[in-house]
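Note that this is a predicted model, so its numbers are computed, not measured. Every chain is numbered from 1, with letters handed out A, B, ... down the list of sequences.
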Protein chains: 2
Amino acid sequence: MLELRSLPTDCAARRSDSVCATCGARAFSVCSSLGVDDLAGLDAIAERVSLKSGEALIRQGEPAVHLFNITSGSVRVYKLLPDGRRQITGFLFAGDFVGLATGQDYAFSAEAIEDATLCRFKKSDYRALIRERPALETALLERATHELAAAQNQMLLLGRKTAQERIASFLLDLPERDPIRPTEAGHIRVPMTRAEMADYLGLTIETVSRGLTKLKTAGVIRLLSLNEMLVDRPERLRAIAEGEA
Amino acid sequence: MLELRSLPTDCAARRSDSVCATCGARAFSVCSSLGVDDLAGLDAIAERVSLKSGEALIRQGEPAVHLFNITSGSVRVYKLLPDGRRQITGFLFAGDFVGLATGQDYAFSAEAIEDATLCRFKKSDYRALIRERPALETALLERATHELAAAQNQMLLLGRKTAQERIASFLLDLPERDPIRPTEAGHIRVPMTRAEMADYLGLTIETVSRGLTKLKTAGVIRLLSLNEMLVDRPERLRAIAEGEA
DNA sequence: GGCTCCGCTTGATTGAGATCAATGCGTCCT
DNA sequence: AGGACGCATTGATCTCAATCAAGCGGAGCC
């Protein structure tokens, strides 16, 4: 276990200093549960992967052999129905973990929505590391618990909120999930398309577009560009999100 | 830590033999990760609670001091919007675990939907037990991971499935979640009301009722009573659930 | 520059499921 | 037994978001 495996990039170049040690995403990730001394063990089983926007890291139905840690960029996780209807179950950002699902095969797909880098682990290697470092398991459990709470919020959104409430909720949640926050408060980076927002919110592209326009017209937000927004009246946005309007 | 605390029932009567040792739900629960020798430690921090149908074990917004293990009966977990709209995020049965959520306060409510018994733990006590028995943490992580996968399925259901597809999916999932399975295959115990089904599926009572009637008329299911159904054509039900019809 | 493509917005119409409104039916209570 | 209550079913109508259908506008390309 934990033996050094062949890596796609030059091993020699990385042997001297741990890549994990200088990883900008470490602070946001489960890796932070490991002490600096343990990073070598993590490094040894990690494989660095770069993805272009649109490329897949996980394909629904394929054998679940890998786990991933996002180190930069954004990823969409989704499930498909046979006729092509898509539900995006979450967006992942730097520090997020994916692939822990039990079961022989992946029950979902995951693709980069912008250029991304990630660490890939063989499930068996990672399991072995967990056995040696229980703090890692604690961190994973905490993260899974967080995600479960987020999933419950999303079920409330999908099952009971109106289109406008869903859009407002999304704009409020997005920045606190994404560790790459623009410096200014109220500034939202939106790395996904309208279609992706729609598939995440259980709506259509048109409804999302209309909803954003309505928020803009009401003076709640400004659309700086397709991928950047500014919240002018956060308290109003919060009220809309909770159906108090 | 792990000291014997005052219990609502007669301690003397239970000191001689572990209640956990004879617990019918143990096999389905995270408790099964503990060896028989460790059950004493679990017993020491467990408080047995009985609930009548409708009584609450967790109230949204209250301090999150307890964890629970369901030992019999059924429980609904739900979130509310300020105006009263309700989303049931899950039903719990014997063996299920609830309350691990991070955060100071509970972010959801949980109530018995039929008479139920459960084990209650103080969060701090349970955390201490986890520290002593890492296998428990592994079991919890595995369970959380399962629930996460189930949550993703539910998001697909709520975001992208039609009313008919949701109802069919529910009838397929229900029996495999509930460990109290009637002996005959195709026989479904439905401990919840139509209103609860509706709030779980993101529908109204009327739509659920109409959907069930439609399945009955199509010869897919039979309604033996309000709380018992029989699936005559499971393959048909599966096709409907996946939108292949 | 002008063309095309792609993602987004806006408008018109439709439809699935919500809402409103009786009615049915089993259980419990006196 | 009769009545009343709670839950479920069934029917009629309405509404919000989906669908259908143009345009718009920026980015990339020849």
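- With sequence neighbours left out, Arg160(A) forms a side-chain hydrogen bond (donor to acceptor under 3.5 Å, both in side chains) with Asp199(B).
- By the side-chain hydrogen bond (donor to acceptor under 3.5 Å, both in side chains) test, Ser109(A) pairs with no residue at all, sequence neighbours left out.
- Along DNA chain D, the nucleotide closest to Thr162(A) and the one closest to Glu206(A) are compared, and the more 5′ of them pairs with Thr162(A).
- Aromatic rings from Phe91(B) and Tyr200(B) are positioned such that their centres are separated by under 6.0 Å.
- Between the CE atom of Met192(A) and the P atom of dG7(C) there is a distance of 15 Å, given to the nearest Å.
- The side-chain contact (heavy atoms from CB on, under 4.5 Å) check on Asp115(A) picks up Lys52(A), Ser53(A), with sequence neighbours excluded.
- Counting to the nearest Å, the P atom of dT10(C) and the NZ atom of Lys214(A) are 14 Å from each other.
- Under 3.5 Å, the side chain of Arg210(B) and the base of dT19(C) form at least one donor-acceptor pair of N or O atoms.
- Spacing between atom CG of Asp83(B) and atom P of dT19(C) amounts to 11 Å, rounded to whole angstrom units.
- Of the residues in residues 195-205 of chain B, Ala195(B), Ile205(B) come within less than 4.0 Å of DNA chain D through at least one heavy atom, sorted by number.
- Side-chain atoms of Arg166(B) come within 3.5 Å of backbone atoms of Lys161(B) as a donor-acceptor pair (strictly under, hydrogens ignored).
- Rounded to whole Å, atom C1' of dT9(C) lies 15 Å from atom CG of Asn227(A).
- Inter-residue side-chain proximity for Glu142(A) and Thr102(B) is flagged as met; some heavy-atom pair is nearer than 4.5 Å.
- Scanning DNA chain D 5' to 3' for nucleotides with an atom closer than 4.0 angstrom to a non-hydrogen atom of chain B gives a first and last hit of dA8(D) to dA12(D).
- Map Arg160(A) and Thr207(A) each onto its nearest nucleotide of DNA chain C; the residue landing nearer the 5' end is Thr207(A).
- On a pure distance criterion of 3.5 Å, no polar donor-acceptor pair joins the side chain of Arg166(B) and the base of dG17(C).
- With sequence neighbours left out, Ser225(B) forms a side-chain contact (heavy atoms from CB on, under 4.5 Å) with Asn227(B), Glu228(B).
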Take Asn69(B) and Leu118(B) through the side chain to side chain contact (heavy atoms under 4.5 Å, CB included) test and state the conclusion after the steps.
CA-CA 5 Å; Asn69(B) 240 337; Leu118(B) 21 100; 5.9 Å; no

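- Here dC8(C) presents its P atom at 10 Å from CG of Leu212(A), a figure rounded to the nearest Å.
- Side chains of Val77(A) and Gln152(B) form a contact here, defined as non-hydrogen atoms less than 4.5 Å apart.
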